[in-house]
Amino acid sequence: EPEVTQTPSHQVTQMGQEVILRCVPISNHLYFYWYRQILGQKVEFLVSFYNNEISEKSEIFDDQFSVERPDGSNFTLKIRSTKLEDSAMYFCASAGAAQETQYFGPGTRLLVL
Amino acid sequence: GQQLNQSPQSMFIQEGEDVSMNCTSSSIFNTWLWYKQDPGEGPVLLIALYKAGELTSNGRLTAQFGITRKDSFLNISASIPSDVGIYFCAGRPNTGNQFYFGTGTSLTVIP
């Protein structure tokens, strides 16, 4: 069964460093998303991406964040200068043409020291 | 942003018991999704609902899209230990692509 994959599974970084989180969505999906989940809290929407551009973003997704689909398979989230409060699980999700359901990847656990 | 409240926040039940949880929103949604999340993993889709009043089952799980379109319910029958986890609802309003997640219901099943 097709699934969303994410790398790395864990990332530890120093405050102020840049990180890039990678996702490979389900191959025939057209809509891509990033979510964040701080430990013990609910899943929070960051951004949605369609047709090579951002279609929607939340207030969390400030200028420190950017997304890219550099080739036909990868979907990346970049955090330019990490802060302590960026420590969280980051989930990628993808959806098909109908956008009616989203399938999540296993997540990347980011720890900013 | 949209607020989705789930209740109860946590449940401790005996194996074999039935479970009910719900999710309410302050505005109308046109899609409801229910996910289960195990520790350290991503949410796994359980059931998707697209029409008001819709009742959908997936094995021992049954979910309903509330008539008012502001709520949804998830029931688990004859719970087993592997049902342990956090259950999240997610809803999408009439406009936009964004899904909003509920606060989660933590389920513990006691063997």
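Numbered from 1 within each chain, the chains take letters A, B, ... in sequence-line order. Atoms considered below: every heavy atom in the structure, side chains included; atoms not considered: hydrogens, waters and symmetry mates.
- Only the side chain of B/Q37 comes within contact range of chain A, with at least one heavy atom under 4.5 Å from a heavy atom of that chain.
- The hydrophobic cluster containing A/F75 does not contain A/I26, counting ILVMFWY residues as joined when their side-chain heavy atoms lie under 4.5 angstrom apart, directly or transitively.
- Note on B/I86: it clusters hydrophobically with A/Y103, by side-chain heavy-atom contacts below 4.5 Å among ILVMFWY residues.
- The same ILVMFWY cluster, assembled from side-chain heavy atoms under 4.5 Å apart, contains both B/Y87 and B/W32.
- Only the side chain of A/Y35 comes within contact range of chain B, with heavy atoms under 4.5 Å apart.
- Within a 6.0 Å radius of NZ in A/K83, other residues, nucleotides and ligands contribute more than 12 heavy atoms.
- The environment of A/D63 atom CG is sparse: at most 12 non-hydrogen atoms of other residues, nucleotides or ligands sit within 6.0 angstrom.
- Ring centers of A/F104 and B/F101: under 6.0 Å apart, within the cut-off.
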*How far apart are the C-alpha atoms of A/T101 and B/F99, what are their side-chain angles, what is the distance that settles it, and do they pass the side chain to side chain contact (heavy atoms under 4.5 Å, CB included) test?*
CA-CA 10 Å; A/T101 54; B/F99 276 89; over 6 Å; no
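- With chain A as partner, the option from B/G104, B/S106, B/G102, B/A48 having the largest number of non-hydrogen pairs under 4.5 angstrom is B/G102.
- Of residues 3-21 of chain A, no residue lies under 4.5 Å from chain B by any heavy-atom pair.
- Minimum interatomic distance between A/K42 and B/F88 (heavy atoms only, all atoms of both residues): CA-CE2, 3.9 Å.
- A/Y31 and A/V24 fall into different hydrophobic clusters, where Ile, Leu, Val, Met, Phe, Trp and Tyr are joined by side-chain heavy atoms under 4.5 Å apart, directly or via other members.
- There is a path of hydrophobic side-chain contacts, each under 4.5 Å, that joins A/V47 to A/L110.
- Interface remark: A/E44 contributes no atoms to any contact with chain B (heavy atom separation under 4.5 Å).
- Taking a 6.0 Å sphere around CG of A/L39, one finds it holds 12 or fewer heavy atoms contributed by other residues, nucleotides or ligands.
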